[in-house]
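Comments concern the structure below.
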Amino acid sequence: MQLLDGKALSAKIEANVANEVKNLKNKTGLVPGLAVVLVGQDPASAAYVNMKKKACDRVGFYSVTHEMPEDISQEAIENTIKMMNNNPNIDGILIQLPLPSQIDTTKILELVDPSKDVDGFHPYNVGRLATGLDGFVPCTPLGVMELLKEYDIDVKGKNCVVVGASNIVGKPMAALLLNANATVEICHIFTDNLKKHTLDADMIFVGAGVINLIKEDMVKEGVIIVDIGINRADNGKLVGDVDFDRVSKKCSYITPVPGGVGPMTISMLLSNTLKATKAHADERD
Ligand code: NAD
């Protein structure tokens, strides 16, 4: 069994991004800018935003966080987004989800300028991914593909089972795998007999948010597993969706949690923002 080390790869990617930022600044004076909208006091969301901000600082990006109270109005968030859409110093806009229930999240995501949609959640970019065109791809599944590439793992023709079908993890994961010519099955909460599907899989990509969802008797010998889940166990530790100690013995490759997909998500946010900056610079030329 070999670990897919997302921590090591993300450090490498970060160093490359930092280097590119330095060159870009020297040549053009441009500095990539990322704006984050954080609504309410959810500690997990605040922690994620803080990690993203620190990563921006490490690579030399300009970043700004718009913190808003839980009872904020739809109009106030929309006005902030419009302002960021028009701000030439901002290349990427990230709306930390989930938003409170009084807010129409779809409308908010649709308002983000697709050229600044570094999370890849705007329907324009979702459509481009579905049709295999270049665009912004959600950071978590994009990071998974980068991790596979680093270890020379080709998904072409492989039976890939994606467990979880959210717009930010499972669906874009499945689209990327399909675009890379894998045979893809998507399972979710209503899937009958999950084991029947996972047992046949060459690769399993699980992002359901359920501790120990994938057990030893559900996978075949030699399987490759990417554990996207992040859960807080009773003992306070971060764990994924896979019963790691038992399942990993049957794997050829598996991601650890933490240190697997999580750090890759942050580095993909950095590379997506840099991509946006370059595209904006080309438009200005
Ligand atoms: P979500 O709640 O929006 O979606 C969960 C999906 O899993 C749904 O499609 C649901 O049908 C499916 N599911 C739930 N229980 C299931 C079960 N028992 N069997 C089969 N399918 C089941 O969650 P999300 O935002 O997609 O996040 C999923 C997990 O990934 C969470 O643990 C989250 O913390 C984690 N996550 C990690 C990263 C990262 O950077 N590693 C990024 C985003 C999300």
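Indexing begins at 1, ligand by ligand and atom by atom, following the structure's order.
- A salt bridge links D57 and K53; the closest N-O separation between the charged side-chain nitrogens and carboxylate oxygens is under 4.0 Å.
- Looking only at distances, a side-chain donor or acceptor of D227 sits under 3.5 Å from a matching main-chain atom of D241.
- Using a 4.0 Å cut-off between charged side-chain N and carboxylate O, K149 and E146 make a salt bridge.
- In this structure, a donor-acceptor pair under 3.5 Å is absent between the side chains of H197 and T191.
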May I have every N or O pair linking ligand 1 to the protein at under 3.5 Å, one per line with atom names and distance?
from	atom 1	to	atom 2	distance (Å)
ligand 1	9 (O)	A165	N	2.7
ligand 1	11 (O)	I189	N	2.9
ligand 1	21 (N)	I189	N	3.3
ligand 1	26 (O)	S166	OG	2.5
ligand 1	32 (O)	I230	N	3.0
ligand 1	32 (O)	I230	O	3.3
ligand 1	34 (O)	I230	O	3.3
ligand 1	40 (O)	T265	OG1	2.7
ligand 1	41 (N)	I228	O	3.3

Using the salt bridge (Lys or Arg N to Asp or Glu O under 4.0 Å) rule, take R246 and D243 through it: C-alpha gap first, then chi angles, then the decisive distance, then the call. CA-CA 6 Å; R246 292 187 181 83; D243 180 2; 3.2 Å; yes
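- For the pair K278 and E20, the salt-bridge criterion is met [side-chain N within less than 4.0 Å of a carboxylate O].
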